[in-house]
Amino acid sequence: MKMYDIVIIGSGPGGYVAAIRAGQLGFKTALVEKYNTLGGTCLNVGCIPSKALLDSSHHYEEATQHLEAHGIEITGEVKFNLEKMIERKAAVVEQTCTGVKFLMEKNKVDVFTGVASFESPTQIKITPKEGTPEIIEAKYTIIATGSKPATLPFIKLDKERVITSTEALKLSEVPKHLIVIGGGVIGLELGQVYSRLGAKVSVVEYTDSIIPTMDRGLGRELTKVLKKQGFNLYTSHKVTEVTRDGNIVTVKANSPKGETISLEGDYCLVAVGRLPYTRGLNLEAAGVQKDERGRVVVNDRLQTNVPNIYAIGDVVRGAMLAHKAEEEGVLVVEQLAGQKPHIDYNLIPGVVYTWPEVASVGKSEEQLKADGVAYKVGQFAFRALGRARASMDTDGFVKILADSQTDEVLGVHIIGARAADMIAEAVTAMEFRASAEDIARICHAHPTFTEAVKEAALAATENRAIHA
């Protein structure tokens, strides 16, 4: 029987990063993945492929709607080739997954392909699709099996017309009318991909914001922008029925006034969140506990009730984000090496990769009000920036929330071009407990989008924004 210091189950961002760190620290490490490619949901059917399609569709939109204003004239019809877009996406995925495989070899991590299941707290059986199962011994195990798309009890996912994000990433045609159930990251990003390519897109969201986990100000601004782009948005609507007749999918929902609306489309994307995935692990054999939502129960050290078994990422509590899983994977391995790492969960940024992008870190206004925290607001619109006007990306704003007494930055919320990259400045500042004045006094290059962060900080510091 092969014996390992650390066995990691699942090769998504949490799992493979944990494996790399374990290899760097000299642990004898094994990584078990049930699929033939490494990278998990994020690399194969999530973050990476969706961004590839967002980028391709963005180029098409620029060519058809914005280049003329820049003095670039295209003679003849501009066409897109969906098949080639899907092929390019697949190539990006393959390159990225191949890169992970290389990193496993570089860091001397043994990779097993098959379904991992516990025989005991220290023994793990690996069952390949073909061949004989194998049992390996683990001093420590890290569960990093991620999540799967959720649905509603009355919805039958046929994966042809009533689909999840996995199928939406490889459609053979552009929908005529794509009905998206659920706002948030997945629904809005894939909705924008197909909207750019000519689809009518309708989003039905149960809460009163299309990005319900973020500051309401961001949701209002994104709603305004997406409506301008042609989206039909139905917030505070409860879906009650989804039926299919041939190529037609009908979605019925109740409005806030109690009225029933009926939408007909040729595709329905169900994007109501994700569920932790533990099927096949045989956690009972190891004695590992789960909570009422199916998540593996862990303490602050990400340790389960079984001392030598840990769990990270989407399979435990907290935001289902690839970068959160990565940080947790590193934290567990470094703890096992005797180090003292930490994660501040309040400072894990969230991003929606629509255009304009949406990014947020720290507390929202709604959270601060609920907690009874006295705060002040500094906000600055991108339309006032020279760089934004030069690139014709004037939608959105930066909002900084700071403590009324200490001026410490409590939250930063951005909607606009390059928000996904800009949020890192806010995270850095907040990690060092910066005040709004600290950010305001940092010299920002001109002309850049990040000047909006400085201006928002100035606005929060005695309303001193220069260009407002």
Side-chain angles (χ1 to χ4, degrees), residues 10 12-18 40-43 45-48 50-51 142-150 165 182-189 205-207 209-216 218-219 222 271-278 290-302 310-332 341-354 357-368 370-371 401 410-415 419-424 426-428 430-431:
Y16 87 73
V17 169
T41 294
C42 178
L43 273 63
V45 290
C47 325
I48 302 303
S50 62
K51 304 313 166 283
I142 301 174
I143 300 168
T145 46
S147 60
K148 62 178 181 178
S165 56
V185 178
I186 297 170
L188 297 181
E189 289 181 2
E205 166 56 42
Y206 179 71
T207 72
S209 173
I210 57 170
I211 41 175
T213 61
M214 291 179 143
D215 188 277
R216 286 299 191 265
L218 297 178
L222 187 59
V272 293
R274 299 183 65 85
L275 297 171
Y277 188 83
T278 59
K290 294 190 292 184
D291 66 14
E292 70 284 352
R293 296 173 62 180
R295 301 174 299 189
V296 177
V297 177
V298 292
N299 60 21
D300 290 343
R301 300 175 66 242
L302 298 169
Y310 294 75
I312 63 172
D314 290 4
V315 82
V316 301
R317 78 287 181 274
M320 290 184 173
L321 298 169
H323 44 283
K324 177 252 196 187
E326 290 182 7
E327 296 300 322
E328 290 183 331
V330 171
L331 180 135
V332 169
H342 79 282
I343 297 174
D344 185 342
Y345 284 97
N346 183 52
L347 299 185
I348 293 177
V351 180
V352 184
Y353 292 88
T354 50
E357 294 174 336
V358 187
S360 180
V361 66
K363 301 293 186 182
S364 66
E365 280 203 67
E366 293 71 31
Q367 288 172 319
L368 293 177
D371 293 341
L401 307 174
L410 304 175
V412 178
H413 308 281
I414 308 173
I415 175 170
D421 299 305
M422 291 168 60
I423 200 65
V427 177
T428 302
M430 292 174 69
E431 281 283 5

Peer 1: Taking the side chain from H413 and the backbone from L401, do they hold a donor-acceptor pair closer than 3.5 Å?
Peer 2: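 Answer holds: no.
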Peer 1: Indicate yes or no for a side-chain donor-acceptor contact from E205 to the backbone of I210 under 3.5 Å, with no hydrogens or angles considered.
Peer 2: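 Flag not set: sc E205 to bb I210 has no pair under 3.5 Å.
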Peer 1: Would you say the side chain of I143 lies within less than 4.5 Å of the side chain of I312, judging by non-hydrogen atoms?
Peer 2: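 Not in contact.
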Peer 1: Counting only N and O atoms by type, is there a donor-acceptor contact under 3.5 Å from the side chain of E189 to the main-chain atoms of T354?
Peer 2: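 Side chain of E189 to backbone of T354: no pair is present.
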Peer 1: Is it the case that the side chain of H342 and the backbone of L331 share a donor-acceptor pair, with hydrogens and angles ignored and the cut-off at 3.5 Å?
Peer 2: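 Checked: no pair found.
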Peer 1: Determine yes or no for a side-chain-to-main-chain donor-acceptor pair under 3.5 angstrom, with Q367 supplying the side chain and S364 the backbone.
Peer 2: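 Yes.
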Peer 1: Do the non-hydrogen side-chain atoms of I343 and E328 ever get within less than 4.5 Å of each other?
Peer 2: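 Yes - at least one pair of side-chain heavy atoms lies under 4.5 Å apart.
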Peer 1: Are the side chains of L43 and Y16 in touch, meaning some heavy atoms are under 4.5 Å apart?
Peer 2: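 Yes, close enough: below the 4.5 Å cut-off.
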Peer 1: Are any side-chain N or O atoms of K290 and backbone N or O atoms of V297, one a donor and one an acceptor, separated by less than 3.5 Å?
Peer 2: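 No, because the side chain of K290 does not come within donor-acceptor range (under 3.5 Å) of the backbone of V297.
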Peer 1: Side chains of L218 and S360: closer than 4.5 Å at any heavy-atom pair?
Peer 2: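 Yes, close enough: below the 4.5 Å cut-off.
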Peer 1: Side chains of D314 and S147: any donor to acceptor distance under 3.5 Å?
Peer 2: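 D314 and S147 do have a side-chain donor-acceptor pair below 3.5 Å.
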Peer 1: Charged N to carboxylate O under 4.0 angstrom, E357 versus K51?
Peer 2: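 Salt bridge flag = no for K51 with E357.
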